[in-house]
Amino acid sequence: MGILVNKDTRLLVQGITGREGSFHAERCKAYGTQIVAGVTPGKGGGTVLGDVPVFDTVEQAVKETGANASIIFVPPPFAADAMLEAADSQIPLVVCITEGVPVKDSLHVNRYLEDKQTRLIGPNCPGLITPGEGAKVGIMPGNIHLPGNVGVVSRSGTLTYEGVDQLTKLGIGQSSCVGIGGDPVSGTQFVDVLELFNDDPETEAIVLIGEIGGTKEQDAAGFIKKFVKKPVAALIVGQTAPPGRRMGHAGAVITGTAALASEKMKALKDAGCHVIPTPADIGRVVQSMIGS
């Protein structure tokens, strides 16, 4: 069954009438996701994607459709308000795809969510998917996924797709795949997803894809060493990145020894993970790890 999203997910799309929102909402729906509402202030009253009603507010949309998840495609200056509006409407899962959200806005949102029941994934993330459940809440290509028992969690959207494609071509299916995003300040962390995968009876092994910058991977290593009972394969990218230079994600900057790829790989190896040397080796290492 996977984690966080499944066939019972009722998705609301904030920014559904915009170019990105409509494009990806259509593909989520085609995958089988139940899109029950869209929200664009000032454009309520109509329908899109054939039969999806559009509302002016999240509160109204939730009240009338029973939406229990939201995906956000609004410009960076308005993304924080969109996340807060979803939380105020008591939506359990909010996925913010928007890239370029100011760090101060993300800090404000995270503080606001501390006493709320809303789980935030992102911002600047690809979202998540549970193959076989008709639940794609994100921008990933659904066709590369295969239902199975390997959970995938990553800071990088593109590397998530690369890893999943390799696994699928080897006949190794996925329980759920979660992209937590590459910003320095974000909602759900590696540790949160690892805990969910560790508790999920359908997940038998885990793939973790990290990168330079910050200490999220060291936090994950500590959690794995102490709590995770399932095999974990881990990849850290950015091994040749020069200190102080941003590499792709806003959070992928080496600002100290702990941010180095070598330090992260050492911590994960010490935690008992099967270290993946390069992105090209994801499938091979996982196959060897699980004996498939």
Side-chain angles (χ1 to χ4, degrees), residues 1-9 11 24 27-28 30-34 69 71 93 95 97 119 121-122 125-182 188-211 220 224 228-237 268 273-276 278-292:
M1 187 171 179
I3 62 171
L4 296 174
V5 295
N6 55 39
K7 59 182 176 58
D8 297 319
T9 297
L11 185 63
H24 288 293
R27 279 145 186 81
C28 289
Y31 189 77
T33 309
Q34 290 189 76
I71 188 168
L93 178 68
V95 179
I97 304 298
R119 175 189 294 276
I121 296 179
C125 76
L128 67 160
I129 185 171
T130 297
E133 286 281 316
K136 181 170 100 80
V137 182
I139 61 175
M140 67 287 294
N143 64 294
I144 66 172
H145 294 80
L146 177 72
N149 303 107
V150 175
V152 179
V153 57
S154 173
R155 278 172 69 179
S156 167
T158 303
L159 284 174
T160 306
Y161 316 152
E162 173 63 27
V164 166
D165 187 56
Q166 290 183 34
L167 294 176
T168 294
K169 286 177 178 176
L170 291 171
I172 302 170
Q174 308 91 47
S175 54
S176 290
C177 304
V178 183
I180 63 172
T188 298
Q189 303 294 310
F190 276 131
V191 168
D192 303 312
V193 180
L194 287 168
E195 183 176 13
L196 292 171
F197 278 142
N198 197 45
D199 293 340
D200 176 35
E202 299 297 321
T203 299
E204 297 176 359
I206 303 169
V207 177
L208 183 149
I209 302 174
E211 58 190 28
I224 291 167
V228 176
K229 307 302 181 185
K230 301 174 181 181
V232 179
L235 168 68
I236 302 295
V237 295
L268 289 161
C273 296
H274 298 251
V275 174
I276 304 170
T278 74
D281 297 306
I282 297 172
R284 176 186 63 79
V285 172
V286 174
Q287 187 178 46
S288 174
M289 179 179 75
I290 64 177
S292 175

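- Closest heavy-atom contact between Ile3 and Leu128: O-CD1, 4.3 Å.
- Evaluation of the ring pair (Phe, Tyr, Trp, His ring centres under 6.0 Å) rule for His274 yields no partner, not counting sequence neighbours.
- With sequence neighbours excluded, the residues satisfying side chain to side chain contact (heavy atoms under 4.5 Å, CB included) with Thr188 are Arg119, Ile121, Asp192, Val193.
- A search for side chain to side chain contact (heavy atoms under 4.5 Å, CB included) contacts involving Pro141 returns Asn143, Ile144, Tyr161, not counting sequence neighbours.
- Nearest approach of Gly2 to Thr130, heavy atoms of both residues: CA-CG2, 4.1 Å.
- Put simply, CD1 on Ile172 and CE on Met289 are 8.5 Å apart, with the number rounded to the nearest 0.5 Å.
- Separating the SG atom in Cys28 from the CD1 atom in Ile71 is a distance of 5.0 Å, to the nearest 0.5 Å.
- Nearest heavy atoms, Gln174 versus Val164: OE1-CG1, 3.6 Å.
- Looking at heavy atoms from C-beta onward, Cys177 lies in side-chain contact with Ile129 at the 4.5 angstrom threshold.
- For the side chain to side chain donor-acceptor pair (under 3.5 Å) test, residues two or more places apart in sequence or in another chain that qualify with Thr203 are Ser175, Asp200.
- Residues Leu167 and Leu146 fail the side-chain proximity criterion, which asks for heavy atoms closer than 4.5 Å.
- In this structure, Ile180 and Arg155 have side chains that are in contact, with non-hydrogen atoms separated by less than 4.5 Å.
- Applying the side chain to side chain contact (heavy atoms under 4.5 Å, CB included) test to Glu204 and every residue at least two apart in sequence or in another chain returns Asn149.
- Inter-residue side-chain proximity for Ile209 and Ile282 is flagged as met; some heavy-atom pair is nearer than 4.5 Å.
- The list of salt bridge (Lys or Arg N to Asp or Glu O under 4.0 Å) pairs with a residue in residues 167-179, not counting sequence neighbours, reads Asp165-Lys169.
- Looking at Asn198, its side chain does come within 3.5 Å of a backbone N or O of Lys229 through a donor-acceptor pair.
- Across every non-hydrogen atom of Ile97 and Gly127, the tightest pair is CD1-N, 3.9 Å.
- A search for salt bridge (charged side-chain N to carboxylate O under 4.0 Å, His left out) contacts involving Arg27 returns nothing, not counting sequence neighbours.
- Side-chain contact check for Glu133 versus Val5: every heavy-atom pair is 4.5 Å or farther apart.
- Lys230 contributes no side-chain N or O that, together with a main-chain N or O of Val232, makes up a donor-acceptor pair within less than 3.5 Å.
- Within the 4.5 Å cutoff, no side-chain heavy atoms of Glu162 are placed close to those of Thr158.
- Remark: Thr33 pairs with no residue by the side chain to side chain donor-acceptor pair (under 3.5 Å) rule, at least two apart or across chains.
- At least one side-chain heavy atom of Cys273 sits under 4.5 Å from a side-chain heavy atom of Ile224.
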